[in-house]
Protein chains: 2
Amino acid sequence: MTESAQRDTARNAARKPARRPPGRRPGPTETREAILASARELFADKGYDGASLRAIARGAGVDPALVHHFFGNKEGVFIAAMQFPVDPGELLPKIFGTRREDLGETMVRIFLSVWEMPERRAPILAMLRSAMTNERAAVMMREFVSSALFARAAELHGIPLLRIQAAAGQMIGVMILRYVLEVEPIASSTPDEIVELLAPTIQRHLS
Amino acid sequence: MTESAQRDTARNAARKPARRPPGRRPGPTETREAILASARELFADKGYDGASLRAIARGAGVDPALVHHFFGNKEGVFIAAMQFPVDPGELLPKIFGTRREDLGETMVRIFLSVWEMPERRAPILAMLRSAMTNERAAVMMREFVSSALFARAAELHGIPLLRIQAAAGQMIGVMILRYVLEVEPIASSTPDEIVELLAPTIQRHLS
DNA sequence: ACTAGAACTCATCATGTGTTGAATTTATGT
DNA sequence: ACATAAATTCAACACATGATGAGTTCTAGT
C-alpha cells in the first residue's frame, strides 16, 4: 500500500488557508484516510465534544463539508475513527499462552506496550476522554469494554468479573495519572518500574 | 404596549422565561450561592468545556450576565466552584489515627465515604472530567493532587510517592469504572464488597 | 435623606459550531 | 467518447458560546 500518506498529515496544518480550487483532485483518493488520522488525533486530544469538525478538516487540509460528505455527521466520523480501539484478537492469545503465575506481569506488559506507542494509545485515549463527558461515547465504551474485553477475559481463565474489573481499574487509574494528568514521579518512571510496581497487584486480583 | 399590563401578572410565574424585571432584588443576596451550586452540578456532569455559562445561569434562574458580574469570567466561576474539592484537613487525621495494618481498609472506606455522597462526589467529578479534556484544568488538578494530597500523604507515614500513586491509581480507576462508566458488576456492588476487593491491594501498596 | 455602589437584566457583538445545497472538477464504466 | 458518479470547495444557515456596556432597582454608609 502507498505510504505516501504520512500519518503526520495533521501536523502541517498551521499554514494559511491554502485555497485549493474546487472539484475533485487528480490522482487516487487519499483524503479519507487523512481525515481519519486527523480525527483520531483530535479526538484523543480533546475528546468527542472538544474536537470540532472544522478543526479535524483543517488538520487534514480539507474543507469541513468534505468530512460531512464522507461520514454523514460528526458521530459518523467518531465511529469510523474508533473502530476497534485495540484489537482483542491480537492480544488474547498472548494472555492465553501465559502460565497463571506470570499473568500479572504479562498483563502489565501488554497494557504498557499499547500505551507506550502514541499511535496505539490515541484511540484508547479518545474513547476514554470522550466517555468522560459525552453520554453516547460512554455507552459505546461501556459496551465495548464489557463485551469485548471483560467478558472474554473472564471466560478465558474463569476469573470472576469483579476481580477482572479491579485489575482493570488499577491499570486505568495508573494510566490516567501517568499519561493524562502526568503527575510525577509516575509519569517519568520506566516501563520496568511500572511493571515492578503493578505486577503483584494484578497477579493478586487475577488469582 | 397594550399587553404590557397583562404581561407580568402573577399568572406566568410557572412559565419558562420567567422574565424578572431588571434591577436588584429585595432581600439579602442569595443568587451568588445559587450560581455556585448550579455551576458545581454542571461542571461535575459535563466538565469545564461542556458546561456553558448560559446553562449555569439558567440552572440558577438568573441572567448569564450576572454570572459574569460576580465571577469575571468562566474560569472565575470554575475556580470559585472548585475551592477544595475535598478538604484534606478533615480526612488526614483519620488516616493518621489508624494502625498501619488497617491503613488499606481505612483508605478505601474514606474514599467510598466521599464518592458515595453525590454532593461530595460532585466537585471531584467536576475536577476529573474537566482535567480530562481541558489543559488548564489538568494543571489545576495536577497541582492540587500533588501538593495537597500526595505530598502530605507521603510525609505522613514515610511511604514513597510511587507507592502512593499506585494506590491512588487503583482507587481512581475503580471509581471511574463504578461511577462514570458504570460497568457491571462493579457499579452495583455494595461498599463492603468494594472494601473487601480493594483493601488488601491498598494495604500492599502502602506497606 | 442622600448618595455611592452593589445586584440585576437587556440587547448586542464577534466568533465558533454542525449541517446543508449547489457548483465544479476529476475518475470510472461503457 | 460519453454519461454517470465520485470528490471537492464555497457560501450560507441557524444556533450556541463567552463577553461587554448600558440601564434599572435595590441596599448600605453617612
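Model, not experiment: these values are computed from the prediction. Sequence lines set the chain letters: A, B, ... in the order given, protein chains first and strands last, and positions in each chain run from 1.
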Between atom [atom1] in [X] and atom [atom2] in [N], what is the gap in whole Å?
X     : N      : atom1 : atom2 : answer
A/L53 : D/dC15 : CG    : C1'   : 15 Å
A/D49 : D/dT17 : CG    : C1'   : 14 Å
A/R58 : C/dG18 : CZ    : C1'   : 14 Å
A/H69 : C/dT25 : NE2   : C1'   : 13 Å
B/R32 : C/dC8  : CZ    : P     : 11 Å
A/D63 : D/dA12 : CG    : P     : 14 Å
B/L66 : D/dA19 : CG    : P     : 15 Å
A/F70 : D/dA7  : CZ    : C1'   : 6 Å

### Query
At under 4.0 Å, does any side-chain N or O of B/S52 touch on OP1 or OP2 of D/dT17?
yes
### Query
OP1 or OP2 of C/dT20 less than 4.0 angstrom from a side-chain nitrogen or oxygen of A/H68, does that happen here?
yes
### Task
Would you please name every residue forming a ring pair (Phe, Tyr, Trp, His ring centres under 6.0 Å) with B/F78, sequence neighbours left out?
B/F43, B/Y48
Nearest to the side chain of [X], which nucleotide is it out of [options]?
X     : options               : answer
A/A65 : C/dT20, C/dT9, D/dT8  : C/dT20
A/K74 : C/dC10, C/dG18, C/dC8 : C/dG18
A/N73 : D/dG21, D/dT8, C/dT19 : C/dT19

### Task
Give a yes or no on whether a salt bridge exists between B/R58 and B/D63, defined as a side-chain N under 4.0 angstrom from a carboxylate O.
no
### Query
Is A/E75 salt-bridged to A/R136, going by a charged N under 4.0 Å from an acidic O?
yes
### Task
Can you check whether any acceptor in the base of C/dG16 is under 3.5 Å from a donor in the side chain of A/R54, or vice versa?
no
### Message
salt bridge (charged side-chain N to carboxylate O under 4.0 Å, His left out) for B/E41 and B/K46? Distances and angles first, verdict last.
### Response
CA-CA 9 Å; B/E41 186 176 332; B/K46 321 246 194 185; over 6 Å; no
### Message
On DNA chain C, does the nearest nucleotide to B/V62 precede the nearest nucleotide to A/P64 from the 5' side, or the other way round? Give the residue.
### Response
B/V62
## Note on the structure
With A/W115 as partner, the option from A/R120, A/R121, A/R178 fulfilling side chain to side chain contact (heavy atoms under 4.5 Å, CB included) is A/R121
